[in-house]
S.K.: 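Okay, here's the structure, questions in a sec.
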Amino acid sequence: MNYKMMGRFVGRILLVEAVFMVPSLLISLVKQESMARIGFAASICITLFLSLLLLVLCKGSRRSFKARDGLVCVGVSWIVMSLLGCLPFYISREIPSYLDALFETVSGFTTTGSSILSEIEGLSMSILYWRSFTHWLGGMGVLVFVLALGASGEGSKGFTMHLLRAESPGPQVGKLVPKMKKTAEILYLIYVLLTIVDIVFLLFGGMPLFEAVCTAFGTAGTGGFGIKNDSIAGYSPYIQNVCTVFMLLFGVNFSCYYMLLLRQFYSVFKDEELRLYLGVVIGSIVLITLNLKGFYATFEETLRHASFQVASIVTTTGYATADFDLWPSFSKAIILGLMVIGASAGSTGGGFKCARVLIIVKGLRRNLRRAISPQKVQVVRINDHMVDEKVLENTNAYLSAYVIILFISFILVSLDRFSVMTSFTAVLSCFNNIGPGLEAVGPTCNFGEFSWLSKLVLIGDMLAGRLEIFPILILFSRTTWGRLKG
């Protein structure tokens, strides 16, 4: 294991985290929030000290960087980043329990949006800003940000590719351009531009600047931390519709936007994952709207709430304009299905991913054809390209790990004696980085009543879900921490 390289990179991650706490500190100074000011000042000092310590101790690392090192580096970075990122909440005493502060922070960085807070509007502005900003930072990935800044200076072969593969959501990671550093830059440029456009549209709707920025952070990162107790329900239909559109936009594979910039419109139109994603969204909106007939006063209101909640759940954002836990069983069943499917690979959304659904369905069809014609060569194609057998194997392995972790987590959380639906959707919403579940963890409730054990399990689920399982699982392997041979 390349410990020095890992320590060096974690040090750089903590340096970036400390810098990103500065705007929150400035807000606390301007708004004269004394406890928040102390919390951010102390957190920045602690994070900077540990960052510089790691950078000094791990100076001069130039060994080769393997795929295993990339997975471990990503897993460790996100854990350490969360352990320190929760300090402003805890030191300021706005969240008195360290475990609760950690839960809130992990939920932010992983863009889950599940919260232990029952009174959000009572938080200081600087804390609200940091809480929302964790979504934006975690949406595209802080490691991708560091790579975009300057990973090319690393002397390790495969450094950039292994890290990007380990953090990026989806069954496979490809290059938009020949150099992976340039790919990271393009991804973040698209991410920043879409966020700015979102803020502008929200401002046009009369939303105050601070609220527009925080709401856009949650929308861009598909996280869902609102700054109001009723999430987005109290805003105008225009604001709700803007959020619906941008949630769906951030749930699209960002490579599609790059192809649009290159004017490859036909390639985007023929993209099978995009068509599946849009088909699931449109089909779900139509079915739920029909099922909710008479539930709301007008057709416009019904369509607006159905569209918003479908967009929020399929992109795993977690914002709410209505309590969908009160909807008919058929609508809730669709919502439950959307929780599993999730958004597109290469987007900021979570879930199982539409790309994996495509691969599994086409793989199943291939196996059926093999059973009928054993001698015939059968391949899986997506977008007219043959899917590598290694990708198929990894997708099947991911599905196996997904089901096993989901089942074990459900059993452990069930010790709290909540209803089966509450326990299952709590695990599902955290594992798929969605936010709200059903019943006691519905859109009007929170996760504060769970035991310390359940909160630890759900924290692990959030991290595993955001990092596509393997960077977290590999940390528990004994062979991971041995020395590389040769």
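What you see is a predicted model; the values in this text were computed from it and never measured. The chain is numbered in sequence order, starting from 1.
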S.K.: Just wondering, are more than 12 heavy atoms of other shown residues or ligands nearer than 6.0 Å to CZ in Phe210?
M.R.: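 For Phe210, atom CZ is crowded (more than 12 foreign heavy atoms under 6.0 Å).
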S.K.: Test Pro88 against every option in Ser28, Ser43, Ser126, Ser124 by the side-chain contact (heavy atoms from CB on, under 4.5 Å) rule and name the one that passes.
M.R.: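 Result for side-chain contact (heavy atoms from CB on, under 4.5 Å) with Pro88: Ser43.
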S.K.: Any sub-3.5 Å donor-acceptor pair from Ser51's side-chain atoms to Thr47's backbone N or O?
M.R.: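 Side chain of Ser51 to backbone of Thr47, a donor-acceptor pair under 3.5 Å: no, none is there.
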S.K.: Calculate, to the nearest 0.5 Å, the distance between atoms OG and CG belonging to Ser423 and Leu412 respectively.
M.R.: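 So the gap between those two atoms works out to 11.0 Å.
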S.K.: Mind running side-chain hydrogen bond (donor to acceptor under 3.5 Å, both in side chains) on Asp416 and Ser454 for me, showing each step along the way?
M.R.: CA-CA 8 Å; Asp416 280 358; Ser454 291; 2.7 Å; yes
S.K.: In Å and rounded to the nearest 0.5 Å, what is the CD1 to OG1 distance from Ile359 to Thr395?
M.R.: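 Spacing of CD1 (Ile359) from OG1 (Thr395) equals 4.0 Å.
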S.K.: Given the rule in the side chain to side chain contact (heavy atoms under 4.5 Å, CB included) test, do Ile127 and Ile95 qualify, once you have shown the distances and angles that lead to the verdict?
M.R.: CA-CA 10 Å; Ile127 289 291; Ile95 301 181; over 6 Å; no
S.K.: Ring pair (Phe, Tyr, Trp, His ring centres under 6.0 Å) for Phe418 and Phe450? Distances and angles first, verdict last.
M.R.: CA-CA 9 Å; Phe418 287 104; Phe450 282 97; 4.7 Å; yes
S.K.: Give a yes or no answer on whether the side chain of Ser77 reaches the backbone of Cys73 with a donor-acceptor pair at less than 3.5 Å.
M.R.: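 Here the side-chain-to-backbone pair exists.
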S.K.: What pairs with Tyr402 under ring pair (Phe, Tyr, Trp, His ring centres under 6.0 Å), at least two apart in sequence or on another chain?
M.R.: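 Tyr402 satisfies ring pair (Phe, Tyr, Trp, His ring centres under 6.0 Å) with Phe352, Phe431 only.
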S.K.: Rounded at 0.5 Å granularity, tell me how far OG1 in Thr105 sits from CE in Met81.
M.R.: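 Those atoms lie 10.0 Å apart.
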S.K.: Any sub-3.5 Å donor-acceptor pair from Ser312's side-chain atoms to Phe308's backbone N or O?
M.R.: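 No; zero donor-acceptor contacts below 3.5 Å.
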S.K.: Please evaluate residues Ser344 and Asn253 with respect to the criterion side-chain hydrogen bond (donor to acceptor under 3.5 Å, both in side chains), reporting the C-alpha separation (whole Å), side-chain torsions for both, the decisive distance (0.1 Å), and the verdict.
M.R.: CA-CA 5 Å; Ser344 304; Asn253 192 321; over 6 Å; no
S.K.: Cut-off 3.5 Å, no hydrogens considered: what does the side-chain donor-acceptor table look like for residues 34-41, sequence neighbours left out?
M.R.:
none

S.K.: Are Met6 and Val76 close enough that some pair of their side-chain heavy atoms sits under 4.5 Å apart?
M.R.: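 Answer yes - side chains close enough.
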S.K.: Quick one: does any side-chain atom of Thr111 pair with a main-chain N or O of His135 as donor and acceptor, under 3.5 Å?
M.R.: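 Looks like no, no N/O pair under 3.5 Å.
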S.K.: Angle between ring planes, Phe424 versus Phe410, binned at 30° and 60°: parallel, tilted or perpendicular?
M.R.: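 Correct class here is perpendicular.
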S.K.: Take a 6.0 Å sphere around CD of Glu119 and say whether it holds more than 12 heavy atoms from other residues, nucleotides or ligands.
M.R.: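 Buried by this count: over 12 neighbours within 6.0 Å.
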S.K.: Any heavy-atom pair between the side chains of Met207 and Thr215 that's under 4.5 Å?
M.R.: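 Thr215 vs Met207: side chains touch.
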S.K.: May I have the list of side-chain donor-acceptor pairs in residues 245-252 shorter than 3.5 Å, sequence neighbours left out?
M.R.:
none

S.K.: Just by distance, do the side chain of Thr316 and the backbone of Ile313 share a donor-acceptor pair under 3.5 Å?
M.R.: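 Here the side-chain-to-backbone pair does not exist.
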S.K.: Verify, without hydrogens or angle tests, whether Tyr319 (side chain) and Thr244 (backbone) share a donor-acceptor contact under 3.5 angstrom.
M.R.: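 Here the side-chain-to-backbone pair does not exist.
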S.K.: What residue pairs, at least two apart or across chains, pass salt bridge (Lys or Arg N to Asp or Glu O under 4.0 Å) with a residue in residues 219-228?
M.R.: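 As it turns out, the salt bridge (Lys or Arg N to Asp or Glu O under 4.0 Å) pairs with a partner in residues 219-228, which skip direct neighbours, are Glu211-Lys228.
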S.K.: Using the ring-ring contact (aromatic ring centres under 6.0 Å, His included) rule, pick out the option among Phe225, Tyr129, Trp130 that qualifies with Phe217.
M.R.: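 Option passing the ring-ring contact (aromatic ring centres under 6.0 Å, His included) with Phe217: Tyr129.
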S.K.: For Tyr277, which residues count as a ring pair (Phe, Tyr, Trp, His ring centres under 6.0 Å) partner, sequence neighbours excluded?
M.R.: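 Here no residue qualifies.
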S.K.: Using side-chain heavy atoms (C-beta onward) and a distance below 4.5 Å, is Val441 in contact with Asn446?
M.R.: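 SC-SC contact between Val441 and Asn446 ruled out.
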S.K.: Quick one, Ser114 with Thr112, criterion side-chain hydrogen bond (donor to acceptor under 3.5 Å, both in side chains). Give me CA distance, side-chain angles, the key distance, then yes/no.
M.R.: CA-CA 6 Å; Ser114 299; Thr112 302; 5.7 Å; no
S.K.: Hey, what do you get for CG (Asn432) to OG1 (Thr110), rounding to the nearest 0.5 Å?
M.R.: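 Here the interatomic distance stands at 11.5 Å.
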S.K.: Among residues at least two apart in sequence or on other chains, which ones pass side-chain contact (heavy atoms from CB on, under 4.5 Å) with Ile459?
M.R.: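 Residues passing side-chain contact (heavy atoms from CB on, under 4.5 Å) with Ile459: Leu99, Leu102, Phe103, Val106, Met462, Leu463.
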S.K.: Considering only residues two or more places apart or on different chains, which pairs with a residue in residues 439-464 satisfy salt bridge (Lys or Arg N to Asp or Glu O under 4.0 Å)?
M.R.: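 Applying salt bridge (Lys or Arg N to Asp or Glu O under 4.0 Å) to every pair that reaches into residues 439-464, excluding sequence neighbours, yields Asp100-Lys455.
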S.K.: At what distance, to the nearest 0.5 angstrom, does CG of Leu15 lie from CG of Leu48?
M.R.: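 One gets 6.5 Å once the value is rounded to the nearest 0.5 Å.
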S.K.: Side chains of Tyr258 and Leu187, heavy atoms from C-beta outward: is any pair under 4.5 Å?
M.R.: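 A side-chain contact under 4.5 Å is absent here.
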S.K.: Please identify each residue that fulfils salt bridge (charged side-chain N to carboxylate O under 4.0 Å, His left out) with Glu104, with sequence neighbours left out.
M.R.: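 Per chain and number, Glu104 pairs via salt bridge (charged side-chain N to carboxylate O under 4.0 Å, His left out) with Arg131.
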S.K.: Run the side chain to side chain contact (heavy atoms under 4.5 Å, CB included) test on Val242 and Phe204 for me, step by step, so that the C-alpha distance in whole Å, both residues' side-chain angles and the decisive distance to 0.1 Å come before the verdict.
M.R.: CA-CA 10 Å; Val242 168; Phe204 280 152; over 6 Å; no
S.K.: Would a distance-only check, ignoring hydrogens and angles, find a side-chain to backbone donor-acceptor pair under 3.5 Å from Ser132 to Gly218?
M.R.: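 No; zero donor-acceptor contacts below 3.5 Å.
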S.K.: Can you tell me if Glu94 uses its side chain to pair, donor with acceptor, with the backbone of Phe89 under 3.5 Å?
M.R.: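 No.
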S.K.: Suppose we screen for ring pair (Phe, Tyr, Trp, His ring centres under 6.0 Å). Which residues come up paired with Phe109, at least two apart in sequence or across chains?
M.R.: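 With sequence neighbours excluded, Phe109 shows a ring pair (Phe, Tyr, Trp, His ring centres under 6.0 Å) to no residue whatsoever.
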S.K.: Quick check against the 3.5 Å criterion: does Gln240 have a side-chain atom that pairs as donor or acceptor with the backbone of Thr321?
M.R.: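 Not confirmed, Gln240 side chain does not pair with Thr321 backbone.
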S.K.: Atom CZ of residue position Phe133 - does it have more than 12 heavy atoms of other residues, nucleotides or ligands inside 6.0 Å?
M.R.: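 Enclosed: over 12 neighbouring heavy atoms sit under 6.0 Å from CZ of Phe133.
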S.K.: So, taking the atom named CD1 in Ile116 and the one named OG in Ser97, what distance separates them when rounded to the nearest 0.5 Å?
M.R.: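 Going from the CD1 atom of Ile116 to the OG atom of Ser97 covers 7.5 Å.
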S.K.: Does Thr317 form a side chain to side chain contact (heavy atoms under 4.5 Å, CB included) with Cys243? I'd like the steps, not just the answer.
M.R.: CA-CA 10 Å; Thr317 304; Cys243 290; over 6 Å; no
S.K.: Sequence neighbours left out, what passes ring pair (Phe, Tyr, Trp, His ring centres under 6.0 Å) with Tyr98? Give chain and number order.
M.R.: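 So Tyr98 forms a ring pair (Phe, Tyr, Trp, His ring centres under 6.0 Å) with Tyr90.
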S.K.: Report the C-alpha separation of Cys354 and Ile341 in whole Å, then their side-chain angles, then the decisive distance to 0.1 Å, and conclude whether the side chain to side chain contact (heavy atoms under 4.5 Å, CB included) test is met.
M.R.: CA-CA 6 Å; Cys354 290; Ile341 296 173; 4.0 Å; yes
S.K.: Partners of Leu57 by side-chain contact (heavy atoms from CB on, under 4.5 Å), sequence neighbours excluded?
M.R.: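 Residues passing side-chain contact (heavy atoms from CB on, under 4.5 Å) with Leu57: Leu53.
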S.K.: Under the side-chain contact (heavy atoms from CB on, under 4.5 Å) rule, collect the residues that match up with Lys31, sequence neighbours excluded.
M.R.: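 Only Ile27, Glu33, Met125 meet the side-chain contact (heavy atoms from CB on, under 4.5 Å) criterion with Lys31.
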S.K.: Give a yes or no on whether the backbone of Ile120 and the side-chain of Asn229 come within a donor-acceptor separation of less than 3.5 Å.
M.R.: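 Yes.
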